[in-house]
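Worksheet: one structure, shown below.
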Amino acid sequence: MADARSLGIFERMILIRRFEEAVYDFHQQKLFSGHYHLYIGQEATGAAVMASLGTEDRIFSTHRNHGHLIARGADPKAALAEILSRADGTNGGRGGTFHLSAPDLGMPHTSALVGGAVPLAAGAGFAAKIAKSGGIGVSMFGDGCFEEGVVYETLNLSRLWKLPVIFVCENNTPGAVLKSAGGNNTSNLPEGRVIATPRALGIESHEVDGGDVEAVDALFTDCAERCRRTGEPIFIEALSERWPGNFYSYPDMVTGTTDMSMAWNDAGIGGEHEAWYREQDPVLRFARTLIAGGHATADDIAAIDAKATRVIAEARDFALKSPTPGTQTVQAHVLAGRV
Amino acid sequence: MADARSLGIFERMILIRRFEEAVYDFHQQKLFSGHYHLYIGQEATGAAVMASLGTEDRIFSTHRNHGHLIARGADPKAALAEILSRADGTNGGRGGTFHLSAPDLGMPHTSALVGGAVPLAAGAGFAAKIAKSGGIGVSMFGDGCFEEGVVYETLNLSRLWKLPVIFVCENNTPGAVLKSAGGNNTSNLPEGRVIATPRALGIESHEVDGGDVEAVDALFTDCAERCRRTGEPIFIEALSERWPGNFYSYPDMVTGTTDMSMAWNDAGIGGEHEAWYREQDPVLRFARTLIAGGHATADDIAAIDAKATRVIAEARDFALKSPTPGTQTVQAHVLAGRV
Amino acid sequence: MRTISHAEALAEAVCECMAEDPKVTLVWGSLMGVGGGNEHVNRIKSEFADRIFHPPISEAAICAIATGAAMDGVRTVFPIGTASFMFRAWDQIVHEAGAAHYMSNGRVTAPVVFHVVHGLRGGGSVQHSQSPQSMLWNAPGIEIAIPSCPADAKGLMRTAIKSDNPTVFIDHQKLNRRTGEVPEGPYDIPFGVADIKREGRDVTIVAASLQVVQALEAAEALAADGIEAEIVDLRSLVPLDEEAILKSVEKTGRLVVADECPPRCSVASEVISVVAEKGMDLLKAPPKRVNRMPVHVPSNTDLEDFVGPGPARIEAAARAVCG
Amino acid sequence: MRTISHAEALAEAVCECMAEDPKVTLVWGSLMGVGGGNEHVNRIKSEFADRIFHPPISEAAICAIATGAAMDGVRTVFPIGTASFMFRAWDQIVHEAGAAHYMSNGRVTAPVVFHVVHGLRGGGSVQHSQSPQSMLWNAPGIEIAIPSCPADAKGLMRTAIKSDNPTVFIDHQKLNRRTGEVPEGPYDIPFGVADIKREGRDVTIVAASLQVVQALEAAEALAADGIEAEIVDLRSLVPLDEEAILKSVEKTGRLVVADECPPRCSVASEVISVVAEKGMDLLKAPPKRVNRMPVHVPSNTDLEDFVGPGPARIEAAARAVCG
Ligand SMILES: Cc1ncc(C[n+]2csc(CCOP(=O)(O)OP(=O)(O)O)c2C)c(N)n1
Ligand SMILES: Cc1ncc(C[n+]2csc(CCOP(=O)(O)OP(=O)(O)O)c2C)c(N)n1
Ligand SMILES: [Mg+2]
Ligand SMILES: [Mg+2]
């Protein structure tokens, strides 16, 4: 893995982490209401997947979409403004945390309904097939989607119609990695693995440690190339250790604001979440890998983090300054071309 | 297999065949309109399955329900009257061919929507579990149901909640038996077998030649006993040769009115559908088995057929004489206990 | 002018649009019941084979896949078949297709056409006789076309395919084989423009789909007694031509709405409340709705005819508001 | 009288019914947002553990399984959660649960309760703010309960569970934590009986759910200017208490309907057309509906408040029909 590529991925990962810390802070300050979901703990998967995607590709995300947008290169300013549903937000303040999107970056629509975006991504593959654009559709979704029938239908259809789409199931079930040994690895599939269903439908299927950047990048690069070439769907189950702060509707920053120095100085590491800091946090984990592999020094990492922190600080100011959308336009865009 | 049991099953099979021939004739005479579906070619499965079910069990069927009702012991008079949507029909003339039901026989509701009845049958298992009735739910459904997500959801739920239900998928895809060797055995599942999906969900799954009465009876007897004992769901794929007259919306009696004597006198057998008469027609096939096994003589078979033919003739008269339901009651029973 | 069937007119519209625009695709179940033999069906099958997809029985996924493709400018026509089947995809149609444009603040469009066959078809029974138009009309972001004759069917289908919005195109089983004069060559009929199918001074009958045909029949009987009914064919519900409705009621002072949905929150409820809110003073008598009775549709065709709106009930309602 | 929250009243009703009838089961997502701590929730969890089922994210199958079980007399309460999710089960609710009794000619019943939380919740955005009541009301065979206060919530939930019909019980996110006086001990409130939440001579405001609370607020402001509004809380849509509506309109001669559904084919459309058909002569002025605007619900809460009905818009409409 070339330095530039791996450092690029790492930059996105730390940017996602700092972004999500800002989102959490905004919610604590009651700057936006309702439940919301953070991507902390899954940064390696999103950042590595996006590294192999081009402008002609389309990505569809879920209620846990923030990290996917940042990984794809969306402007944290507009993204954070959308978290606050402000006028300068990615959706003009109409979508909020559930629906961040970036049509200009090939992320046209984000569904907050479980399994809602999976067939839409297959549709992007359908469009690429018709337009012969060379692009592929990518669905980033959670393990819970395997409880929704429409996802099963979509897997079957993508195989039947030969749609160029890659289904990336981010399995963050508590203990997913351990359970992948064979037990129940999603809360509501009593037996087998979510991967058993796409396999049963004859879809090329892989599993990977979603916390291992290099593993995800290597697998996805290969899959993306094959998907473009053959036009056939591929399924990937990315198993990630669930971030201890990921609770059902409201996250809790139990692991605190990330201290990057833990990557090279473990003196302060301990307590209830020691395993998280030492082995599981994908950002710290990749930082250690980069240092160990001689791709970066502790100072390089610190500098990248400082830059990300600065970018997010600017984005916070931007979002907070952005006005609330005017009521006079609230009826616009219900139907295209009609007022 | 005891004589009484096998002869009982055969009686139901020939009764179904004569019933369906009458339905076809009624439609040819334009006595009822709209598309409809016959059970011809699948009699062995329905008749053998019902042989192991008791009063506490519940069976839910589909648009292809006629045979299931007759196999369960419904009165051909009321069933044929319902085909004509007459007042004395099983549903008082409100359901017609799509919705024949027999609540008094544990067949409360028949859905004509693909996959509609599969979760309802699981619900009967749910009720049996709550009421500790010792009964089980049985879903008789077609292979096309594996294209509907709700069926996948139901399989998962039945396993998750441990519901005593047996899913009997009657796979009548053209060439299903041949294709079961490994190829595509349902028109719209590109790979693998429908059985692969329940297996992926960890459900005990079996396949059987749906045209072989003894095989279906042996398997289902065993499964029903185990389902009652363990309360766990079981899946059975019954592969049957598709009757040549089974076309999408309107059947065609291409094989003519069944001539039972073909079971013991093959002199007249030939032509385009020779394979149907010699090997595939489950009624002729079981008649030959009974004779070969010494369970019945040709005369016994002829006598059973004569009786069935007489019963259906009476049912035809009954149905034709039954009045059309009065319009004054058409608004009744939209809501229970309200007029 | 040549005379062709409603279904043929639709096949012609779809064929023309596929020829005009290489991004128009068709999910091929049966094209609104047009058999082979039809030249347009044959042309679609031969010339556009690579843009036809055979559907498994997966309404939800197909509607959403077509929607996702639409976001990338691929316009898919998906004949779902019987309107009832559409309820399997209700979430995908209402929450994804219907919401994409608004949620993106106008940057994304979802030009997809869902074609369904609604209504009392003669033995469709409880689960194959659904009229989904009123439920759909309650959902923002979806255009609804609902023709009553072959000429309108063609022009509206062309508009539906070219529209940048998701459109639900609602046909009636009993219209499919009806024939009518259809102009040669391509033409579009804009949404939101009602058509006065019959002029009259005494009573306004607002209808759509098969109910227009039934209203015309009722109008003949009424005319025999000197009651001249004016028939407003809505042709599209979204957008709605409120002006045409109010203008006619202004002229006649009396209103009947014929609609195959059950009464509660129906198309008839909506039309009547529009008039009550915006034109109550125009009414010389209380308006009347003629809906399918508030029951499921029984399989018995005598009962089916009895519970449906229909010439006799429409006529009786018109007499009542005039008397 | 004791004061408890709307959610607690519901938990109490469910707990009582589970204690009274061993065939009442609960599919346990989160019980209408009642946390642990609550005595009834704890009792349900401990005493009736074998009748609680944890739901996977499979709305369609669960609704149908509960319906199938209901046909055998097992009464399941399934809190689906946000009303939007119900669209995943639209076919199963409308075509199976709602049709079973009619299709069987009255021999089969499907006593099941689907509980949903509708409406503008404060940041629910486009896909989590659905109000499905008008779409549901168009479907025959389903009872619809829609309370506005804790006392009604309890009595209506008990009736829903005991009803032999499928019932959709519609709550509002913003009602869940509101408190109110609730009588001790079990009591049922029959469906089809509206409640006059405020008497008044000048204008009738028909509402349900949170809109009753908003109407009461509007009424205070109106009273300050001597306009006395009468507030008719429908409490159930199926069956509908038409008599109460007409009686009030007869008294006031003026009508406003407040409803969180988008306008087209909404609850407001239905109420207005009932009055237009059966009581037009009672109206001294054209009626007015106050609906959620015909848009999706934006996540920005200022915009959300703006598009919703609400005290200000209800008040303005009342002044308009009175002025
Ligand atoms: C159709 C539907 N049902 C229920 C919900 C409520 N819901 C929101 S997130 C969620 C869990 C999703 O789990 P998973 O797909 O694994 O994603 P994760 O949150 O774990 O990343 C549920 C049930 C929903 N949004 N949509
Ligand atoms: C939800 C739904 N979609 C489509 C249909 C139309 N339809 C009726 S029968 C049928 C084929 C069903 O195939 P299968 O389940 O294998 O049953 P078979 O007719 O072969 O016995 C279809 C698509 C329907 N009834 N319901
Ligand atoms: Mg998950
Ligand atoms: Mg089949």
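Every chain is numbered from 1 and lettered A, B, ... according to where its sequence line falls, protein lines coming before strand lines. Computed from a predicted model, the values in this text were never measured in an experiment.
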Worksheet item: Which answer fits C/Q133, side chain, backbone, both or neither, if we ask what part of it has an atom under 4.5 Å from a heavy atom of chain D?
Response: neither
Worksheet entry | Heavy-atom contact with chain D under 4.5 Å, split by part of C/L136 | neither
Discussion item. For D/P132, which atoms come within 4.5 Å of any heavy atom of chain C: side chain, backbone, both, or neither?
Written reply: neither
Practice prompt. Answer with side chain, backbone, both or neither: which region of D/E59 has an atom nearer than 4.5 Å to a non-hydrogen atom of chain C?
Written response: neither
Worksheet item: Just wondering, do D/C265 and C/M135 contact through their side chains at under 4.5 Å, heavy atoms?
Response: no
Item to complete: State the CE-NZ distance between D/M280 and C/K284, to the nearest 0.5 angstrom.
Response: 11.5 Å
Item to complete: Output every pair passing salt bridge (charged side-chain N to carboxylate O under 4.0 Å, His left out) with a member in residues 116-128 of chain D, not counting sequence neighbours, ordered by first then second residue.
Response: none
Discussion item. Heavy-atom cut-off 4.5 Å, strictly under: side chain, backbone, both or neither for C/P287 against chain D?
Written reply: both
Worksheet item: With a 4.5 angstrom heavy-atom cut-off, which part of D/V274 approaches chain C: side chain, backbone, both or neither?
Response: both
Discussion item. Please classify the contact between C/S84 and chain D as side chain, backbone, both or neither, with a heavy-atom cut-off of under 4.5 Å.
Written reply: both
Discussion item. Non-hydrogen contacts under 4.5 angstrom with chain D: give the residues of residues 137-146 of chain C involved, or none if there are none.
Written reply: C/W137, C/N138, C/A139, C/P140, C/G141
Worksheet item: Would a 4.5 Å heavy-atom cut-off, applied to side chains only, mark D/V238 and C/R264 as touching?
Response: no
Worksheet item: Between D/K288 and C/E277, is there a side-chain N and carboxylate O pair less than 4.0 Å apart?
Response: no
Fill in: Value rounded to 0.5 Å, distance of CD in D/E270 from OG in C/S266
6.5 Å
Worksheet item: Going through the checks in order, is the side-chain contact (heavy atoms from CB on, under 4.5 Å) test met by D/Y102 and C/V295?
Response: CA-CA 8 Å; D/Y102 190 82; C/V295 301; 4.0 Å; yes
Practice prompt. Evaluate the side-chain proximity of C/Q92 to D/R88: yes if any heavy-atom separation is below 4.5 Å, no if none is.
Written response: yes
